[in-house]
Asks: 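Got a structure here, written out as structure tokens. Questions coming.
Just follow the structure's listing: the first ligand is 1, and inside any ligand the first atom is 1. Computed from a predicted model, the values in this text were never measured in an experiment.
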Amino acid sequence: MSELKNDRYLRALLKQPVDCTPVWMMRQAGRYLPEYRATRGVAGDFMSLCKNAELASEVTLQPLKRFPLDAAILFSDILTIPDAMGLGLYFEAGEGPKFSHPITCKADVERIGVPDPEGELQYVMNAVRQIRHDLQGEVPLIGFSGSPWTLATYMVEGGSSKAFTKIKKMMYAEPQTLHLLLDKLADSVVEYLNAQIKAGAQAIMVFDTWGGVLTPRDYNEFSLRYMHKIVDGLIRENDGRRVPVTLFTKNGGMWLEQIAATGCDAIGLDWTIDIRDAKRRVGDKVALQGNMDPSVLYAQPERIREEVASILDGFGDTGTGHVFNLGHGIHLDVPPENAGVFVDAVHELSKPYHK
Ligand code: CP3
């Protein structure tokens, strides 16, 4: 078993005692950091950065050099799987991700296969191995993937969407086609995440960014069912330690009981739910991660500290079982110092809860 100097993040996910509440930030490596923009400039573009193990490791570690974060997250993207399936991922300035060959019909779905994680996706595993080497056991490394539903939204819409008309049309007019796609994606995600674990990822997070646009019935049938399949297929112990799995459905606060029933170790919360209510509902089953509105980081230091204090109070005096985080990714125009105020506030203000 390889030694970890700081394992607070893993311990909190397993509801074991910690000295203070661990914290990391979604999208902690990214454009709000000038050093990230510089390294991306060296790589040329975002995907070239993901495909260069040394540079991907460098940007993964950048936020850890600035702030005493309790976890690192692999620098990559959820859209690596559809790209490896041949959809042709590209980024257009200011417009987000796009695919040159989106999924339009059943024949398109039948054509795609499950990518080989040590083949087309080997660059991701190389980044994991490089980051583990460079981290020197300081903090655990989180591996991740998108949920099948969230990946399918990008693949069918051809990029980002607001109304999700194309995928919802497929969902209601041709549900079997969508199920075939989601099934292939779930198999791909299981292989991809297990390869990340074998390469050195010590915890897993599944991002279901768009599950919250579904009705409760459709959420169960088209999103949660496939995340459940993933939880069932993952390696849960590696290198002598449990590999905790966190499921994050943005806008999924209504469905916490069902999410907890998948057998995941933790649920990621966005800011639209009071963590006090979330804990009352599922806190005996799973750990909770969250849930400060990332926009609070625009505030003055005192206001940031006040919000951290309020969330810590909401989670309450059992202390453990909470990983502090933002309810979604950090905004790209947040002053980096404010992220520092946030991270320090979590460590300092949480100590009294862990006596
Ligand atoms: O630090 C980290 O959290 C790790 C890296 C990470 C990225 N994307 C890097 C990235 C992670 C975990 C993701 C996940 C991701 N990617 C999600 C799920 C989480 C969420 O935010 O809801 C989604 C939906 C994507 C798809 C995606 N990739 C989008 C919507 C964008 C933004 C496009 C834009 O121009 O703003 C990306 C690109 C992307 N992924 C960037 C980064 C740092 C920006 C690329 C750049 O440098 O220009």
Asks: Using 4.0 Å as the upper bound for N to carboxylate O, is an ion pair formed by Arg111 and Asp108?
Replies: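 Yes, this pair counts.
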
Asks: Relative to each other, are the rings of Trp24 and Tyr9 parallel, tilted or perpendicular (30° and 60° limits)?
Replies: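 The arrangement is perpendicular - the two ring planes meet at more than 60°.
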
Asks: Which of the numbered atoms in ligand 1 are below 4.0 angstrom from a heavy atom of Ala29?
Replies: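 Atoms satisfying the 4.0 Å criterion: 1 (O), 43 (C).
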
Asks: If you measure every N/O of Phe144 against every N/O of ligand 1, is any gap under 3.5 Å?
Replies: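 For ligand 1, there is no N or O atom that lies under 3.5 Å from one belonging to Phe144.
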
Asks: Just checking Tyr298 against His331, ring centres under 6.0 Å apart?
Replies: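 They qualify: ring centres under 6.0 Å apart.
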
Asks: Would you call Asp344 and Arg305 a salt bridge, taking side-chain N to carboxylate O under 4.0 Å as the test?
Replies: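 No, no charged N to carboxylate O under 4.0 Å.
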
Asks: Does any N or O of ligand 1 fall below 3.5 Å from an N or O anywhere on Asp77, backbone included?
Replies: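 Yes.
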
Asks: Got an N/O contact under 3.5 Å between Ser160 and ligand 1?
Replies: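 In fact, backbone or side chain, Ser160 has no N or O that close.
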
Asks: Between Glu95 and ligand 1, find which residue part has any heavy-atom pair under 4.0 Å and reply side chain, backbone, both or neither.
Replies: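 It is neither; nothing of Glu95 touches ligand 1.
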
Asks: Is any N or O atom of Thr209, backbone or side chain, closer than 3.5 Å to an N or O atom of ligand 1?
Replies: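 Among all N and O atoms of Thr209, at least one is under 3.5 Å from an N or O of ligand 1.
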
Asks: Can you tell me how far the CG atom of Leu89 sits from the CE atom of Met155, to the nearest 0.5 Å?
Replies: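 It comes to 11.0 Å.
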
Asks: Considering only heavy atoms, which of Tyr36, Phe46, Tyr32, Trp24 lies nearest to atom 47 (O) of ligand 1?
Replies: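 Closest candidate by heavy-atom distance is Tyr36.
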
Asks: Do the ring planes of Phe207 and Phe248 sit parallel (below 30°), tilted (30 to 60°) or perpendicular (above 60°)?
Replies: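 Rings of Phe207 and Phe248: perpendicular, as their planes differ by over 60°.
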
Asks: Among Arg11, Arg236, Lys285, Lys15, find the one that has a salt bridge (charged side-chain N to carboxylate O under 4.0 Å, His left out) with Asp265.
Replies: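 So the option named by the test is Arg236.
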
Asks: Would His328 count as a contact of ligand 1 if the rule is a heavy atom under 4.0 Å away?
Replies: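 In this structure, His328 qualifies as a contact of ligand 1 - some heavy atom is under 4.0 Å.
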
Asks: Can you confirm, on distance only, whether ligand 1 has an N/O atom lying under 3.5 Å from any N/O atom belonging to Tyr154?
Replies: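 In fact, backbone or side chain, Tyr154 has no N or O that close.
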
Asks: Atoms of ligand 1 less than 4.0 Å from Phe75 heavy atoms?
Replies: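 The atoms of ligand 1 under 4.0 Å from a heavy atom of Phe75 are 43 (C).
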
Asks: Find all atoms of ligand 1 within a distance of less than 4.0 Å from any non-hydrogen atom belonging to Gln28, and give their numbers and elements.
Replies: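 Listed by number with element, the hits are 1 (O), 2 (C), 3 (O).
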
Asks: Suppose we measure from atom 23 (C) of ligand 1 to each protein heavy atom; which comes out shortest, and what is that distance?
Replies: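 So the nearest neighbour among protein heavy atoms is Ile78 CD1, 3.4 Å.
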
Asks: Among protein heavy atoms, which lies nearest atom 34 (C) of ligand 1, and at what distance?
Replies: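 It is Arg31 NH2, 3.2 Å.
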
Asks: If we only count N/O pairs under 3.5 Å, is Arg27 in contact with ligand 1?
Replies: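 Among all N and O atoms of Arg27, at least one is under 3.5 Å from an N or O of ligand 1.
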
Asks: Is the ring pair Phe67/Tyr32 parallel, tilted or perpendicular, if the boundaries are 30 and 60 degrees?
Replies: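 Because their plane-to-plane angle is under 30°, the rings of Phe67 and Tyr32 count as parallel.
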
Asks: Could you establish whether Ser76 and ligand 1 come within less than 4.0 Å of each other, counting only heavy atoms on the residue side?
Replies: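 For ligand 1, residue contact (heavy atoms, under 4.0 Å) with Ser76 is present.
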
Asks: In terms of atom number and element, which parts of ligand 1 are under 4.0 angstrom from non-hydrogen atoms of Gly96?
Replies: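 With Gly96 as reference, the close atoms of ligand 1 come out as 33 (C).
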
Asks: Quick check: are there more than 12 heavy atoms from other residues, nucleotides or ligands sitting under 6.0 Å from CG of Asp317?
Replies: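 12 or below, so no.
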
Asks: Within a distance under 4.0 Å of any heavy atom of Leu74, pick out the atoms of ligand 1 and give their elements.
Replies: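 The list of qualifying atoms is 4 (C), 5 (C).
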
Asks: Distance to 0.1 Å, residue and atom name: give those for the protein heavy atom nearest to atom 19 (C) of ligand 1.
Replies: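 Among all protein heavy atoms, the one nearest atom 19 (C) of ligand 1 is Phe207 CD2, 3.5 Å.
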
Asks: Is the Phe75 ring parallel, tilted or perpendicular to the Phe46 ring (thresholds 30°, 60°)?
Replies: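 Because their plane-to-plane angle is over 60°, the rings of Phe75 and Phe46 count as perpendicular.
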
Asks: Check each atom of ligand 1 against the heavy atoms of Phe91 and keep those under 4.0 Å away; list them by number with element.
Replies: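 Going through ligand 1 atom by atom, the ones under 4.0 Å from Phe91 are 28 (N), 37 (C), 38 (C).
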
Asks: Would you say Leu49 contacts ligand 1, with heavy atoms under 4.0 Å as the rule?
Replies: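 No heavy atom of Leu49 comes that close to ligand 1.
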
Asks: Could you check whether Phe99 and His101 have their ring centres less than 6.0 Å apart?
Replies: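 Here the rings of Phe99 and His101 have centres that are no less than 6.0 Å from each other.
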
Asks: Quick one: look up the protein heavy atom nearest atom 46 (C) of ligand 1 and list residue, atom name and how far away it is.
Replies: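 Answer for atom 46 (C) of ligand 1: Arg40 NH1, 2.8 Å.
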
Asks: Could you list the residues that satisfy side-chain contact (heavy atoms from CB on, under 4.5 Å) with Val114, not counting sequence neighbours?
Replies: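 With neighbours one apart ignored, the set is Asp187, Ser188, Glu191.
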
Asks: About how many Å separate CZ of Phe144 and CG of Leu193, when rounded to the nearest 0.5 Å?
Replies: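 Spacing of CG (Leu193) from CZ (Phe144) equals 9.5 Å.
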
